Novice: 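After the structure tokens below, expect a handful of questions from me.
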Amino acid sequence: MHPLLRRRQFLRWVVLTAVTTRLASCQRRSTAGETGVSHGGEGETVLVIGAGMAGVAAARQLQDGGYAVTVLEGRDRLGGRIWTSRHWADATLDLGAAWIHGERGNPLTTIADAIHAPRYATDSGDWPLHDSDGRRLPEATWAEIDRLEAEILALLDGEPALGTDLSVQAVIDRYLGESLGESLGESSGQGGIGQRSPSLLAFAAHGLIEQEWAMDLDQLSARFLLEGKEFPGKDVIFPQGYDALVTYLAQDLDIRFNEMVTAIHIDADRDTDPVAVQGSSGVWRADRVIVTLPIGVLKQGTVTFDPPLPPEKVSAIQTLGLGVLNKVILRFPTRFWPDTADWISYLSDPMGEFTTWLNLSPATGQPILAALNAGQFAQTLEQQEDRAIIDRAMQVLRRLYGRRIPDPLEAQITRWAGDPFARCAYSSPTLGMTARTRLDLAAPLGDRVFFAGEATDRDYPATVHGAYLSGQREAQRIQQLRS
């Protein structure tokens with residue numbers, strides 16, 4: 001065996017062993033059955049609600065700073081919307097968050113480097129594009145798509161100056177002179193770049209916007225679509241699982257699983273442990289609480305607050321959108337698609353129905369394809385049985401690669417909108433947003449209850465690194481109260 005291959009195999013063993021050991025340790029703590037926060041030393045007590053990336057990041061920083069921290073998690077696992085599946089023993093899959101978006105300067109890259117987590121960049125130059133009949137389009141077609149995307153971005157970049165809160169759909173219809181209705185083959189007759197190729201315009205808008213924000217164009221705010229910042233560098237996935245990062249951060253934390261929170265009460269007259277949290281096993285008390293519940297759970301209202309949340313926070317919760325991005329992951333007996341392509345695209349009609357496929361063969365070493373469906377279509381699929389979803393996916397693949405391709409051996413399918421602990425994949429900027437929406441969501445309730453999570457991060461919303469940074473932000477906010 002080549003020394004480099006042996007080294008990689010050794011590192012894989014080290015990481016997987018560490019992840020398994022730490023996860024088992026966390027699970028053992030979850031069965032203790034105690035109600036209350038143990039006081040460690042002279043530190044204040046803090047309850048963190050949610051063991052996703054935001055919650056674990058906050059707990060890690062506070063515990064390292066001398067606080068007594070307990071994390072309450074409704075699920076029976078770490079990660080929240082980071083959900084790594086090892087259902088197939090020889091192929092690790094991330095059913096939720098999968099990428100570090102922009103690896104250069106990203107805080108998650110620092111963590112991944114610390115634990116030597118292997119990564120794979122999904123940016124190969126070979127990107128097959130097929131028309132609605134399944135025929136592969138010439139490479140030059142991407143140049144036209146690039147031009148369409150650039151024009152859409154230019155319109156959206158100028159939208160704040162228009163003084164009206166239009167949907168992305170309305171902006172494209174109004175300024176490009178093309179309606180992206182259900183029929184891709186019909187032009188509005190008003191001219192504009194879309195009339196030359198309505199299917200390519202629809203594809204450009206879907207890939208650039210709907211896949212990014214996991215919501216349909218007619219619901220997204222054109223004014224705030226380009227909110228936030230980006231880290232430079234490649235987008236990378238984890239062949240051995242994204243959960244290695246959150247598990248590493250969670251080591252030695254007191255995490256109580258299967259602890260569903262239903263109410264948070266602030267007792268203004270109580271000097272010590274003034275915040276009471278109703279969980280599955282009873283009432284938990286602490287000096288301070290950090291809420292990292294997804295925007296979908298907050299919007300559902302299954303957790304009540306006493307006193308009630310202020311109007312501006314309620315408005316923020318009601319306004320932010322619920323982006324839904326689901327995966328249909330198919331495992332085949334053999335590979336029938338080009339192994340050099342990380343992505344495979346299809347000009348579906350209607351647009352957005354099994355349009356985007358990720359080739360997981362290079363990362364897993366197995367013949368696996370994953371379809372990424374977004375927005376309303378993704379939510380519609382959630383209502384169907386697995387067999388019907390697989391059949392629909394295979395209709396597309398057989399259109400691209402012929403009727404003789406084999407049936408999948410197995411499938412793993414996500415339904416994030418129906419997940420009671422998420423109700424979405426991530427937050428989206430919908431109509432009605434203002435420059436204060438995410439700030440209002442992040443605003444603490446006095447110096448007792450704090451809010452973190454990707455939806456509260458104005459710089460990096462809808463990302464794992466946004467969740468991580470928001471957890472650190474609220475931990476720092478609590479730490480500053482000591483000074």
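The shown structure was predicted, so the numbers you read here are calculated from the model rather than taken from an experiment.
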Novice: Quick check for you: to the nearest 0.5 Å, what is the distance between Thr356 atom OG1 and Asn373 atom CG?
Specialist: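 Separation between the atoms: 8.0 Å.
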Novice: Per the salt bridge (Lys or Arg N to Asp or Glu O under 4.0 Å) rule, what does the pair list look like for residues 100-115, sequence neighbours excluded?
Specialist: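 Counting only pairs at least two positions apart or across chains, the salt bridge (Lys or Arg N to Asp or Glu O under 4.0 Å) contacts touching residues 100-115 are Asp113-Arg119.
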Novice: Evaluate the side-chain proximity of Thr334 to Pro406: yes if any heavy-atom separation is below 4.5 Å, no if none is.
Specialist: yes
Novice: Quick one: do Arg387 and Asp391 make a salt bridge, cutoff under 4.0 Å?
Specialist: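 Asp391 and Arg387: salt-bridged.
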Novice: Distance only, no hydrogens: is a donor on one side chain within 3.5 Å (strictly under) of an acceptor on the other, for Thr437 and Arg458?
Specialist: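 The criterion, which ignores hydrogens and geometry beyond distance, is not satisfied for Arg458 and Thr437.
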Novice: Specify the closest pair of heavy atoms between Asp235 and Gly102, including all atoms of both residues, with the distance to one decimal.
Specialist: OD1-N, 3.0 Å
Novice: Quick check: does any side chain N or O of Glu73 sit under 3.5 Å from a backbone N or O of Asn258, one acting as donor and the other as acceptor?
Specialist: no
Novice: Taking the side chain as C-beta and beyond, is there a heavy-atom pair between Leu108 and Tyr468 under 4.5 Å?
Specialist: yes
Novice: Are the side chain of Arg473 and the backbone of Thr456 linked by a donor-acceptor contact shorter than 3.5 Å?
Specialist: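 Checking the backbone N and O of Thr456 against the side chain of Arg473, a donor-acceptor pair under 3.5 Å is found.
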Novice: Can you tell me how far CG of Leu400 sits from CG of Asp133, rounded to the nearest 0.5 angstrom?
Specialist: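 One gets 10.5 Å once the value is rounded to the nearest 0.5 Å.
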Novice: Please tell me if the side chains of Ile237 and Tyr242 come closer than 4.5 Å, counting only heavy atoms from C-beta onward.
Specialist: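 No, side chains not in contact.
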Novice: Backbone N or O of Phe354 within a donor-acceptor pair of the Ser348 side chain at under 3.5 Å?
Specialist: no
Novice: Report yes if some heavy atom in the side chain of Leu360 is under 4.5 Å from a heavy atom in the side chain of Leu93; otherwise report no.
Specialist: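 Touching, per the 4.5 Å side-chain cut-off.
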Novice: Applying side chain to side chain donor-acceptor pair (under 3.5 Å), name anything that partners Gln219, two or more places apart in sequence or on another chain.
Specialist: none
Novice: How long is the span from the CZ atom in Phe257 to the CG atom in Asp76, to the nearest 0.5 Å?
Specialist: 8.0 Å
Novice: In Å and rounded to the nearest 0.5 Å, what is the CZ to CD1 distance from Arg335 to Ile405?
Specialist: 13.5 Å
Novice: How about CD on Gln366, more than 12 heavy atoms from neighbouring residues, nucleotides or ligands closer than 6.0 Å, or not?
Specialist: yes
Novice: For Arg331, does its backbone N or O pair with a side-chain atom of Trp88 as donor and acceptor, under 3.5 Å?
Specialist: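 Between the backbone of Arg331 and the side chain of Trp88 there is no qualifying donor-acceptor contact (under 3.5 Å).
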Novice: Examine the side chains of Gln211 and His206 and answer whether a donor and an acceptor come within less than 3.5 Å of each other.
Specialist: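 Per modelled atom types, Gln211 and His206 side chains form a pair under 3.5 Å.
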Novice: Could you tell me whether the side chains of Asp440 and Ser315 share a donor-acceptor contact shorter than 3.5 Å?
Specialist: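 Result is no, nothing qualifies.
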Novice: Would you confirm whether Lys327, through its side chain, and Leu372, through its main-chain N or O, come within 3.5 Å as a donor-acceptor pair?
Specialist: no
Novice: Within the distance-only criterion (no hydrogens, no angle test), does the side chain of Arg77 pair as donor or acceptor with the backbone N or O of Gly80 below 3.5 angstrom?
Specialist: yes
Novice: If you take all heavy atoms of Glu230 and Tyr460, which pair is closest and at what distance?
Specialist: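 Looking at all heavy atoms of both residues, the shortest contact is N-CE2, 4.0 Å.
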Novice: Identify whether the distance between the nearest side-chain nitrogen and carboxylate oxygen of Asp419 and Arg75 falls below 4.0 Å.
Specialist: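 Yes.
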Novice: Please enumerate all residues that pass side chain to side chain donor-acceptor pair (under 3.5 Å) together with Arg404, with sequence neighbours excluded.
Specialist: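 With sequence neighbours excluded, Arg404 shows a side chain to side chain donor-acceptor pair (under 3.5 Å) to no residue whatsoever.
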Novice: Is it the case that Tyr120 and Asp342 place a side-chain donor and acceptor less than 3.5 Å from each other?
Specialist: yes
Novice: So, Asp243 and Arg86, do they make that salt bridge, N to O below 4.0 Å?
Specialist: yes
Novice: Between the side chain of Arg438 and the main-chain N/O of Ala455, is any donor-acceptor distance below 3.5 Å?
Specialist: yes
Novice: Ring pair (Phe, Tyr, Trp, His ring centres under 6.0 Å): which pairs involve residues 392-435, sequence neighbours left out?
Specialist: Trp83-Trp416, His130-Tyr401, Phe336-Tyr401
Novice: Is a donor from one side chain sitting under 3.5 angstrom from an acceptor on the other, for Thr430 and Ser221?
Specialist: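 Their side chains do not contain a donor-acceptor pair, so the 3.5 Å distance test is not met.
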Novice: Check Val261 against Leu72 and note the closest heavy-atom contact, atom names and distance.
Specialist: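 Nearest heavy atoms, Val261 then Leu72: CG2-CD1, 4.0 Å.
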Novice: Under the side chain to side chain contact (heavy atoms under 4.5 Å, CB included) criterion, do Leu397 and Leu330 qualify, and how do the steps go?
Specialist: CA-CA 11 Å; Leu397 290 177; Leu330 305 176; 4.1 Å; yes
Novice: Is Arg423 close to Lys299 at the side-chain level, that is, under 4.5 Å between some pair of heavy atoms?
Specialist: no
Novice: Between Trp337 and Asn359, do the side chains contain an N or O donor and an N or O acceptor separated by less than 3.5 Å?
Specialist: yes
Novice: With side chain to side chain contact (heavy atoms under 4.5 Å, CB included) as the test, would you mind laying out the steps for Ile329 and Leu369 before giving the verdict?
Specialist: CA-CA 6 Å; Ile329 305 176; Leu369 280 175; over 6 Å; no
Novice: Return yes if some donor-acceptor pair links the side-chain N/O of Thr355 with the main-chain N/O of Met351 below 3.5 Å, else return no.
Specialist: no
Novice: For the aromatic rings, using the six-membered ring if either is Trp, is the centroid distance between His465 and Phe231 under 6.0 Å?
Specialist: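 Yes.
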Novice: Taking atom CD1 of Ile368 and atom CD of Gln412, what is their separation to the nearest 0.5 Å?
Specialist: 8.0 Å
Novice: Check whether any side-chain heavy atom of Thr364 lies under 4.5 Å from a side-chain heavy atom of Pro239, and answer yes or no.
Specialist: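 The answer is no, as the side chains (C-beta and beyond) never meet within the 4.5 Å cut-off.
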Novice: Got a sec, which pairs hit salt bridge (Lys or Arg N to Asp or Glu O under 4.0 Å) with one end in residues 205-216, sequence neighbours left out?
Specialist: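 Counting only pairs at least two positions apart or across chains, no salt bridge (Lys or Arg N to Asp or Glu O under 4.0 Å) contact touches residues 205-216.
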Novice: I'd like to know if the side chain of Gln251 reaches the main chain of Tyr248, judged simply by a donor and an acceptor atom lying under 3.5 Å from each other, with no hydrogens or angles considered.
Specialist: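 Yes; judged by distance alone, with no hydrogens or angles, the pair exists.
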Novice: Are Asp457 and Ser470 close enough that a side-chain donor and a side-chain acceptor fall under 3.5 Å?
Specialist: no
Novice: Before you tell me yes or no, could you show the steps for Arg392 and Asp386 under salt bridge (charged side-chain N to carboxylate O under 4.0 Å, His left out), namely the whole-Å CA-CA distance, both residues' side-chain angles and the distance that decides it to 0.1 Å?
Specialist: CA-CA 10 Å; Arg392 194 158 184 178; Asp386 284 4; over 6 Å; no
Novice: Indicate whether any N or O donor in one side chain lies under 3.5 Å from an N or O acceptor in the other, for Thr122 and Trp99.
Specialist: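 The criterion, which ignores hydrogens and geometry beyond distance, is satisfied for Trp99 and Thr122.
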Novice: Hey, are the side chains of Leu293 and Val303 touching, using non-hydrogen atoms and a 4.5 Å cut-off?
Specialist: yes
Novice: Taking atom types as modelled and ignoring hydrogens, do the side chains of Trp357 and Ser345 form a donor-acceptor contact shorter than 3.5 angstrom?
Specialist: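 No donor-acceptor contact under 3.5 Å links the two side chains.
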Novice: Starting at CG of Leu469, measure out to CG of Asn106 and round the result to the nearest 0.5 Å.
Specialist: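 Between atom CG of Leu469 and atom CG of Asn106 there are 7.5 Å.
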Novice: What are the two closest non-hydrogen atoms of Ser427 and Ile295, and how far apart are they?
Specialist: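 Minimum heavy-atom contact is CB-CG2, 3.9 Å.
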Novice: Do Thr84 and Asp94 have side-chain N/O donor and acceptor atoms under 3.5 Å apart?
Specialist: yes
Novice: If you compare all heavy atoms of Gly79 against all heavy atoms of Val246, which two are closest, and at what distance to 0.1 Å?
Specialist: CA-CG1, 4.2 Å
Novice: Verify, without hydrogens or angle tests, whether Thr141 (side chain) and Leu137 (backbone) share a donor-acceptor contact under 3.5 angstrom.
Specialist: no
Novice: Under a plain distance cut-off of 3.5 Å, with no hydrogens placed, do Ser132 and Arg399 share a side-chain donor-acceptor pair?
Specialist: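 Side chains of Arg399 and Ser132: no pair found under 3.5 Å.
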Novice: Within the structure provided, determine whether Leu208 and Leu153 are in side-chain contact (heavy-atom separation under 4.5 Å).
Specialist: yes
Novice: Which atom names give the shortest non-hydrogen contact between Ala443 and Lys313, and what distance separates them?
Specialist: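 Smallest heavy-atom distance, with atoms named: O-NZ, 2.7 Å.
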Novice: Compute whether any side-chain donor of one residue and acceptor of the other, for Thr463 and Glu454, lie under 3.5 angstrom apart.
Specialist: no
Novice: Just checking Met394: does its CE atom have more than 12 heavy atoms from other residues, nucleotides or ligands closer to it than 6.0 angstrom?
Specialist: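 Enclosed: over 12 neighbouring heavy atoms sit under 6.0 Å from CE of Met394.
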Novice: Tell me every residue that passes salt bridge (charged side-chain N to carboxylate O under 4.0 Å, His left out) with Glu382, counting only those two or more places apart in sequence or in another chain.
Specialist: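 None.
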